[in-house]
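Structure first, commentary second.
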Amino acid sequence: MNSDSDSYSTNQLDSHSNSRENNAHEPLRVHVERVVRQYFATLGDEMPTDLYELILKEIERPLLSVVLEQTRGNQTKCAQILGLNRGTLRKKLKAYDLM
């Protein structure tokens, strides 16, 4: 590879990195809207069913997992961060096989 293509690759990576950093500062609702639009675009003319439940399940498991990880498995702290009763948290953790 010559130096021109090296600089192009580096600039392309820098541009990608910068766009990811800019996206990280967007509100969560912007990311959710983008994903839901992509989902519909992927479906084409097909109509989904139970979309609300599907999205909740897709969001809830990683949310619980990450917050549990951040609290080093401390369910009391996890429940406080999420604004859930500890019993409700435990029920959800069991449902997702996270405990």
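Quick note: numbers below take in every heavy atom, side chains included, and nothing from hydrogens, waters or symmetry partners.
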Worksheet item: Do L54 and Y39 touch side chain to side chain, with heavy atoms closer than 4.5 Å?
Response: yes
Discussion item. Is it the case that the side chain of T88 and the backbone of L84 share a donor-acceptor pair, with hydrogens and angles ignored and the cut-off at 3.5 Å?
Written reply: no
Worksheet item: Got a second to check how far E60's CD is from L98's CG, nearest 0.5 Å?
Response: 9.5 Å
Worksheet item: Taking C-beta and beyond as the side chain, do F40 and L51 meet within less than 4.5 Å on heavy atoms?
Response: yes
Item to complete: For residues R72 and K77, determine if any side-chain heavy atom of one lies less than 4.5 Å from a side-chain heavy atom of the other.
Response: no
Discussion item. Quick check: closest heavy atoms across L68 and T71, and the distance to 0.1 Å?
Written reply: O-OG1, 3.0 Å
Practice prompt. Please check if the side chain of D50 supplies one atom and the backbone of E53 the other of a donor-acceptor pair under 3.5 Å.
Written response: no
Worksheet item: Hey, what do you get for CG (L93) to CZ (R86), rounding to the nearest 0.5 Å?
Response: 9.5 Å
Discussion item. Would a single hydrophobic cluster contain both L28 and L56, if residues Ile, Leu, Val, Met, Phe, Trp and Tyr are joined by side-chain heavy-atom contacts under 4.5 Å?
Written reply: no
Worksheet item: Backbone N or O of Y96 within a donor-acceptor pair of the R61 side chain at under 3.5 Å?
Response: yes
Discussion item. Could you report the tightest heavy-atom contact between Q75 and M99, atom names first, then the distance?
Written reply: NE2-CE, 4.0 Å
Fill in: R29 with E33: basic N within carboxylate O range, under 4.0 Å
no
Practice prompt. Find the distance between CD1 (I81) and CG (L63) and round it off to the nearest 0.5 Å.
Written response: 10.0 Å
Worksheet item: Do C78 and L89 come close enough that some side-chain heavy atom pair is under 4.5 Å?
Response: yes
